[in-house]
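Scroll down for the structure; my scribbles are underneath it.
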Amino acid sequence: TEEAKAKNILLPMALNDNKAGMEGLNRDKINKIIMESSKGSRFYENELKKEQQVNQRIERMMLQKAHITEQQLSKAQAQVEKMTSDLERGRDLSRVIVHVDMDAFYAAVETRDCPDLMDKPMAVGSMSMLSTSNYHARKFGVRAAMPGFIAKKLCPNLVIVPTNFDKYRAVSAEVREVFADYDPHFLPMSLDEAYLDISDHLEQRRGWPEALRTHRLHTNNTGTARVEDHGGLQETVEVEGLSPVLFENSPSSSPCLQDAAGGEVEVFGTCAEEAVREMRFRIEQKTSLTASAGIAPNMMLAKVCSDKNKPNGQYRLPSNRQAVIDFIQDLPVRKISGIGKVTEKMLGALGITSCSHLGQEMALLALLFSETSWHHFLHISMGLGSTHIERDGERKSMSTERTFGEMGALEEQFSLCKELCQDLAQDLQKEALKGKTVTLKLKNVNFEVKTRAWTLPCAVATTEELFAVAKDLLKTEIDNVSPQPLRLRLMGVRVSSFASADDKKPLQKSIVGFLHKKQTDSRTQTHTPKNTNTSAETDISMSALTASDKMTHEPSAHASTSSYCSTEPESGTDSLTCPVCFREVNTTELTVFNRHIDQCLSGVTMGQNNHTDTELEREITGGKREEGPKEKGSKLLSRANTLKVSSQSDPHVRVCLLSPGGPRPMTTPKPESRDHRGPALTCPVCQETQDTNDLTLFNRHVDLCLNQEVLHELGGLASVDRTTHTAPPAAHKGPCFRYVLFTE
DNA sequence: GGGGGAAGGACCA
DNA sequence: TTCCTGGTCCTTCCCCC
């Protein structure tokens with residue numbers, strides 16, 4: 001029906017009332033306001049597009065479902081049953097896992113420090129994005145991850161307080177001190193959330209005298225109070241003389257007793273619930289903030305439980321199988337951490353909304369989803385989850401990104417890129433990390449996100465190293481849409497594949513190392529002849545320097561040249577080995593060396609030379625793209641002739657030794673980008689005139705030709721190249737060649 | 001088939 | 001006028017053993 005259709009269209013922006021404190025709202029009214037504020041925006045259009053993609057995914061899934069036979073289903077059923085009984089045998093109910101979650105954390109901190117906010121709807125964040133809202137605001141439909149300007153429409157009196165992370169970090173540290181008393185190995189998930197395994201604590205606690213379970217309630221208004229720690233230590237806590245109770249509906253605490261000194265005191269029991277109640281009590285005494293908690297036999301269940309009596313409440317799921325099964329039955333799948341909007345919708349299309357449905361349809365799910373996915377579903381449907389808390393594993397990546405108003409100017413884009421690299425380099429330094437993969441993330445004004453990655457032969461960390469890669473990735477993307485500018489709203493840089501993760505890997509050889517004579521003792525550390533910091537014009541560099549450098553007026557080449565592999569070279573001899581003829585050239589003068597290689601190379605490319613183990617690189621540039629190329633020496637021209645490149649637009653073909661291949665455009669450039677570059681080009685390898693004068697396309701063609709032609713000649717050694725070479729970009733399969741200029 | 005890189009996404013706080 | 005940031009893991013596609 002029309003209505004159903006409309007509803008489907010409206011869905012992407014609809015209020016997500018999955019969060020606590022959002023029950024019984026006037027959803028229709030709220031959704032209407034959200035719609036009115038979003039409709040027609042680029043953001044909304046992109047959401048619609050994404051929604052369409054999900055719908056298509058569902059359609060494909062339903063089609064697949066229609067083709068499932070009875071036989072397949074019963075086979076899957078058998079598999080599921082086998083797996084189920086295996087899992088059942090391994091069910092571990094022995095641990096007591098707690099998930100603690102501070103209530104509306106950022107908002108609560110701000111309210112604590114500014115009591116005027118107490119009974120006002122407020123949120124923490126900015127006009128463009130909110131991090132949290134308090135429970136007053138939630139009544140209006142204002143929630144985390146909602147832009148402030150929309151929240152303001154839902155609730156005109158909303159007070160928006162800017163975030164103050166340093167403050168939250170400080171409070172979080174206090175809270176964590178309490179956590180540590182119950183589980184020194186607790187697992188923080190964020191500033192306001194953590195998992196604890198209190199099994200050991202409970203074991204000890206059973207033998208504790210009452211004194212250790214007695215905690216004083218401070219009720220004074222003087223500004224500080226003494227709180228007795230269960231270890232008998234005294235700690236001084238700042239209190240601001242305000243009611244610690246931020247939520248009116250706080251469940252009342254157990255009756256307070258008077259201690260000898262007349263102060264109010266509370267005694268906690270020895271069971272899990274009492275221990276957790278005590279922990280929450282202590283958090284509140286210490287910070288004036290409330291927390292909610294869930295107690296269950298595993299992490300997955302504990303997480304669901306902590307939400308059950310939010311705010312300022314707790315819920316325990318007993319450690320017996322039946323209780324777990326009962327608990328899971330009617331639980332909506334969306335409540336499980338890891339099942340988000342999309343998965344919920346996919347499952348919904350199959351009629352699955354609760355965890356019991358999930359169990360009933362497992363055979364079907366096993367056929368429609370990947371193994372990892374349906375295993376995950378099976379665990380959920382059985383109420384299984386992690387029973388031991390993994391202490392934080394090694395970090396996998398580090399990134400930094402920034403959103404800004406539309407940016408189209410190249411200078412700005414490159415300088416922002418550099419800034420991001422600087423920030424990231426700083427962060428990397430703090431943790432002494434180096435990574436091999438650098439990823440550039442771009443989001444255009446239409447909210448379309450792109451990531452472009454490049455993996456180097458060795459780990460990098462400095463600004464220059466990062467920027468050398470990021471800038472090339474960026475340039476490639478810019479070239480891709482040129483002559484239009486990239487209209488960006490976000491840029492980010494990420495580093496991954498950290499060296500520490502797989503230190504064991506043998507050192508990979510880069511070209512610079514390769515150039516040097518084989519070492520008998522690779523530890524001898526004399527430095528390489530200047531080739532790590534000379535300019536691109538005179539050196540074996542990553543590539544002739546890109547337009548980006550010229551645009552940003554960067555002193556050319558410093559970065560690309562030296563930083564590609566900062567740890568190399570590791571040799572120290574006075575001669576260099578020619579990668580073409582393998583003869584030692586008795587010089588460290590690159591000019592001399594280059595000349596030698598030039599001669600060798602002309603032979604190879606002409607097919608007169610059966611040299612092996614050569615990594616060639618190629619770069620073909622049109623004179624128009626790079627302004628005032630200085631590389632028009634006679635030598636170059638003669639090489640161009642040698643290679644039989646013909647183009648009236650006078651492209652230069654430059655041949656030299658490889659360096660790690662630079663990135664290439666991933667997407668086919670728009671056809672219209674052809675016409676402003678001059679006439680068609682002839683491939684120097686296959687000699688055929690290409691129906692393009694787009695250098696990107698042409699370049700790709702030549703790459704392919706070279707793969708076939710040259711590699712063929714080079715024979716088996718091509719494989720050596722591949723393994724020691726950085727991986728080529730996805731669109732360009734096969735070894736990545738690049739011509740780099742050699743001049744004197 | 002499996003491993004690994006690249007690109008894109010889902011999901012989380 | 002304004003729809004974040006920083007992380008992990010998964011999936012899909014591809015290439016290369």
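Side-chain atoms are counted along with the backbone in the values below, which use heavy atoms only and exclude waters and symmetry mates. All values derive from a computational prediction rather than experimental measurement. The sequence lines fix the lettering, A, B, ..., with proteins before strands; numbering per chain opens at 1.
Between A/Lys341 and B/dA10 there is no side-chain polar atom (N or O) within less than 4.0 angstrom of OP1 or OP2. At B/dA6, one or more side-chain N or O atoms of A/Thr455 fall inside 4.0 Å of OP1 or OP2 (strictly under the cut-off). OP1 and OP2 of B/dA7 both lie 4.0 Å or more from every side-chain N or O belonging to A/Thr451. Checking the phosphate oxygens (OP1, OP2) of C/dT2, no side-chain nitrogen or oxygen of A/Ser41 falls inside 4.0 Å. Contact annotation: A/Ser190 does not reach the phosphate of B/dC12 (side-chain N/O to OP1 or OP2, under 4.0 Å). Under 4.0 angstrom from either OP1 or OP2 of C/dT11 there lies at least one side-chain N or O belonging to A/Ser373. OP1 or OP2 of B/dC11 has at least one side-chain nitrogen or oxygen of A/Thr343 nearer than 4.0 Å. OP1 or OP2 of B/dG8 has at least one side-chain nitrogen or oxygen of A/Arg452 nearer than 4.0 Å.
No engagement by A/Thr439 is indicated, since no non-hydrogen atom pair under 4.0 Å with the nucleic acid exists. Across all strands shown, A/Thr437 has heavy atoms under 4.0 Å from sugar-phosphate atoms exclusively, and none from any base. At a threshold of 4.0 angstrom between heavy atoms, the contacts of A/Met127 include nucleobase atoms, whether or not backbone atoms are also involved. Looking at heavy-atom distances under 4.0 Å, A/Leu424 makes no contact with the nucleic acid at all. Among the heavy atoms of the strands lying under 4.0 Å from A/Gln53 are primed sugar atoms or P, OP1, OP2 only; no base atom is included. Within the nucleic acid shown, A/Lys443 comes within 4.0 Å of sugar-phosphate atoms alone, with no base atom in reach, counting heavy atoms only. Among the heavy atoms of the strands lying under 4.0 Å from A/Met398 are primed sugar atoms or P, OP1, OP2 only; no base atom is included.
Heavy-atom contacts from other residues, nucleotides or ligands closer than 6.0 Å to CZ of A/Arg57 number 12 or fewer. Other residues, nucleotides and ligands contribute only 12 or fewer heavy atoms inside 6.0 Å of the NZ atom of A/Lys32.
With pairs defined as Watson-Crick or G-U wobble and both atom distances under 3.5 Å, the stems of at least three pairs that touch DNA chain C come out as B:1-13 with C:5-17.
Residues passing the side chain to side chain donor-acceptor pair (under 3.5 Å) test with A/Gln422, sequence neighbours excluded: none. Applying the side chain to side chain donor-acceptor pair (under 3.5 Å) criterion to A/Ser292, with sequence neighbours excluded, gives A/Asp103. The side chain to side chain contact (heavy atoms under 4.5 Å, CB included) search around A/Gln64 returns A/Leu368, not counting sequence neighbours. Every residue two or more places apart in sequence or in another chain that forms a side chain to side chain donor-acceptor pair (under 3.5 Å) with A/Ser373 is listed here: A/Ser370.
The nearest whole Å value for the distance from the NZ atom in A/Lys396 to the P atom in C/dC10 is 10 Å. Distance A/Ile339 CD1 to B/dA10 C1': 12 Å, rounded to the nearest Å. Rounded to whole angstrom, the span from the CD atom of A/Glu401 across to the P atom of B/dG8 amounts to 15 Å. Rounded to an integer number of Å, the gap from CG of A/Asp192 to P of B/dC12 is 15 Å. Between the CZ atom of A/Arg395 and the C1' atom of C/dG6 there is a distance of 9 Å, given to the nearest Å. With rounding to whole Å, A/Glu193 atom CD is found 9 Å from B/dC12 atom C1'. Residue A/Trp454 contributes atom CH2, which lies 15 Å from atom C1' of B/dG4 at whole-angstrom precision. In this structure, CE of A/Met346 is placed 10 Å from P of B/dA10, rounded to the nearest angstrom.
Nearest to the side-chain atoms of A/Val342 among the listed nucleotides C/dC4, C/dG7, B/dA10 stands B/dA10. Ranking C/dT2, C/dT11, B/dC12 by closeness to the A/Ser370 side chain, first place goes to C/dT11.
In this structure, A/Thr372 and A/Arg494 both approach DNA chain C, and ranking their closest nucleotides by distance from the 5' end singles out A/Arg494. With the nearest nucleotide of DNA chain B identified for both A/Gly340 and A/Val449, A/Val449 has the one nearer the 5' end. Positionally, the nearest nucleotide of DNA chain C for A/Ser397 lies more toward the 5' end than for the other of A/Glu371 and A/Ser397. In this structure, A/Leu191 and A/Val54 both approach DNA chain B, and ranking their closest nucleotides by distance from the 5' end singles out A/Val54.
Between A/Ala107 and A/Thr132, the shortest heavy-atom contact is N-OG1, 4.1 Å.
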Going through the distances and angles, do A/Lys430 and A/Asp427 end up as a salt bridge (charged side-chain N to carboxylate O under 4.0 Å, His left out)?
CA-CA 5 Å; A/Lys430 278 181 210 148; A/Asp427 292 348; 3.4 Å; yes
For residues 152-165 of chain A, which side-chain donor-acceptor pairs fall under 3.5 Å, sequence neighbours excluded?
| unit_1 | atom_1 | unit_2 | atom_2 | d |
| --- | --- | --- | --- | --- |
| A/Lys152 | NZ | A/Leu158 | O | 2.9 |

